[in-house]
Structure formats: structure tokens, C-alpha cells
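All of these numbers come straight from a predicted model, not from anything done at the bench. Index from 1, following the sequence.
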Amino acid sequence: MQPPAGHGLPHESAPAEPRRLLPELPLLLRGLALLAIAVGALAGLVGAVHRAGWLALPLAPVFGLIAALAGWSAAIHLTGGERFDDHPWV
């Protein structure tokens, strides 16, 4: 996208980061730990429903929320994390 005529860019674009197959080691370890939490929460949910049936109904939203949020966080960490700005000064 080009700036309007007569307006310059506020700063130069940052150089592109090198592409990686795997994220940095700290992100990889946190992502794998979060993935283990998500899988554990789903296994806990399935096990609770299997053993207690309808009595496990109050636990279902809690385990489901834990699994969803941990899975989402794991996906962010395992794909390299979020980048909020492309410039190193910000």
C-alpha cells in the first residue's frame, strides 16, 4: 500500500527476519508445554465424562475452556509468536 501523494513514510521498513522451520527454543518449549496442558485437559474431560457421566457436566466447560485457551496459545508459540510491529525501534 502506497502512502497518499505528498506524504512520506514515518520510517524505513525493518528488514525481513530469516524464515525458520522451527521457532526459537524458548518458544518451542513453551508451545510444547501448552500443547501438553491442552491434551491433558481434553483427556481429563473425556475421562471425567467416561467415569461420572452426567455428574461431570459442570466440569465440561472448565476443561473445555482450559483446552481451548492452551491449544490457542500453543499454536501461537509453535508458529513463532506474535509480531505486533515490523520495526525494531517500537
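To the nearest 0.5 Å, atom CG of residue L22 and atom CG of residue L27 are 11.0 Å apart. Residue L28 holds its CG atom at 11.0 Å from NE2 of H77, rounded to the nearest 0.5 Å.
The heavy-atom pair separating A75 from T79 by the smallest distance is O-OG1, 2.8 Å. Between L32 and L78 the shortest heavy-atom distance is N-CD2, 4.0 Å. Closest of all the heavy-atom pairs between A74 and G31 is CB-O, 3.5 Å.
With side-chain heavy atoms closer than 4.5 Å counting as contact, directly or through intermediates, the hydrophobic cluster containing F63 also holds L45, V49, L59.
Residues passing the side-chain contact (heavy atoms from CB on, under 4.5 Å) test with A38 are A70, sequence neighbours excluded.
A continuous path of ILVMFWY side-chain contacts below 4.5 Å connects I37 to V62, so both sit in one hydrophobic cluster.
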